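For clarity, every value in this text was computed on a predicted model and none was experimentally measured. Counting from 1, the numbers follow the sequence of the chain as shown. Start at 1 and go down the list; that is how both ligands and their atoms are numbered.
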Amino acid sequence: MTNRDDHDLSVETRVIHSDKLDADQKTGDPVVYPSVGSTVFRMAAEAEEGEIIYTRLDNPNRLHLETVLASLEGGEACAAFASGMAACTAIVQALKPGDHLLIPEDLYHGVRTLMLRIMEPWGLKVDIVDMTKLEEVARAIRPETVMVWAETPSNPLLQIVDLSALSELCRQNDLLLVVDNTWPTPINQLPLKLGADLVIHSSSKYMGGHSDLLGGAVIAREQNGLFRRIREIQRSAGAVPSPQDCWLMLRSLRTLPYRMRAHNDHAVRIADFLKAHPAVDEVYFPGLPGHPGHETARRQMAAFGGMISFLVAGDRQATARVVQGSRLIAPVTSLGGVESTWEHRVRSEGPNGRTPENLIRLSVGLEHPEDLERDLERAFSRR
Ligand SMILES: *Cc1c(COP(=O)(O)O)cnc(C)c1O
């Protein structure tokens, strides 16, 4: 744009200032708040409460995203991060060396790696328990225990943890309960309402929903000292999402309830299809009445989500052929996109993996289920 007042400025100065010197410029009143890429914001003469001055500390798009995420989970506050793992890391960094923490046997393998390979050398004490058995959790509690970390449904076996019972046990023993709510999303499960203190998300999955965005978040039931510490770590350690990523995440969240409805419905149908299929030995899906966590899942979840694991009737090689044999379902790690994806789990976990060699983890997408069933037939025929 041209500017009436810039003729006395040199070209070096005009490329920097000429777009903002014209006070009469009309910018309209956008319905969708734009992504604010500026890393710096003009400061008033004196510091003010809540001022935005630098994007690592605060950014309008991040504040919008955090407000929506806190509201979705029914929490008082949210801190958004650059990835799910950055969110997990901020929580454990809020603990002290010597603190003891319980994690479940079946959980996202990146979290296990974080705890055992990064946080244990740093001084955290970690024990692994079967969190589907409350007596085991109770037995593992020590005087130094401060936190219990739960994931339900778990990855990749879709085990169900009774969150009300676990939060009661935590309350009696003065322990913090953290729940990874990535798989169910707040559309299907609200851990803070069931007594959890913190919820963590990898928003790279269903929240982003289109396999093109990384993000993470911590949502707190109360804006207390623990949350203020996590906020301090977010702002100081700086694993923050870009304004553009926050903007895109908000765009994705607007369709989350509708996407989840379809993921939920399609997964119930595909689980029934797999259950009846001769190429499948076992199906792990909490929506199936025979699943050991089915009753608990019915109580604490609005629906069972879009993730299914199953065992192929065959060995490791046959399973690998099935995963490569589909036309629509892409063989990828990660999950929660509009497109169906699946993964031969042992391949991703490497030599220390604990998952059966013939396990496939399927993320049921939004394609028409009839097309998915035909594609599954095709893949099973390669077995
Ligand atoms: C993917 C995932 C994470 C890690 O999130 P990133 O965004 O990949 O860092 C943590 N927990 C669960 C359950 C996940 O599925």
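Applying the 4.0 Å criterion to heavy atoms of Gly215 picks out, from ligand 1, the atoms 7 (O). Those atoms of ligand 1 that come under 4.0 Å of a heavy atom in Gly84, given as number and element, are 5 (O), 6 (P), 7 (O), 9 (O). For ligand 1, the atoms closer than 4.0 angstrom to any heavy atom of Trp183 are 13 (C), 15 (O).
One N or O on the side chain of Asp106 and one on the backbone of Leu157 form a donor-acceptor pair closer than 3.5 Å.
Among the atoms of Glu151, none of the N or O lies under 3.5 angstrom from an N or O of ligand 1. Considering backbone and side-chain N/O of Asn155, none are found under 3.5 Å from N/O of ligand 1. Residue Met85 places at least one N or O, backbone or side chain, under 3.5 Å from an N or O of ligand 1.
The pair Asp272-Arg269 fails the salt-bridge criterion, with no side-chain N (NZ, NE, NH1 or NH2) lying under 4.0 Å from an Asp/Glu carboxylate O. Using a cut-off of 4.0 Å between Lys/Arg side-chain N and Asp/Glu carboxylate O, Glu168 and Arg171 are scored as salt-bridged.
Residues forming a ring-ring contact (aromatic ring centres under 6.0 Å, His included) with His266 (at least two apart in sequence, or on another chain): none.
Across the listed options His109, Met207, His201, Lys205, Lys205 owns the non-hydrogen atom lying nearest to atom 14 (C) of ligand 1. Nearest to atom 12 (C) of ligand 1 by heavy-atom distance, out of Leu213, Asp180, Asn181, is Asp180. Summarising the contacts of atom 7 (O) of ligand 1 with Gly208, Ser204, Gly216, the nearest heavy atom is found in Ser204.
Side chain to side chain, Arg259 and Thr255 meet the donor-acceptor criterion of an N or O pair below 3.5 Å.
Ranking protein heavy atoms by distance to atom 8 (O) of ligand 1, first place goes to Tyr108 OH, 3.9 Å.
Other residues, nucleotides and ligands contribute over 12 non-hydrogen atoms within 6.0 Å of the CZ atom of Arg378.
Using bins of under 30°, 30° to 60° and over 60° for the plane-to-plane angle, the ring pair Tyr33/His64 lands in the perpendicular bin.
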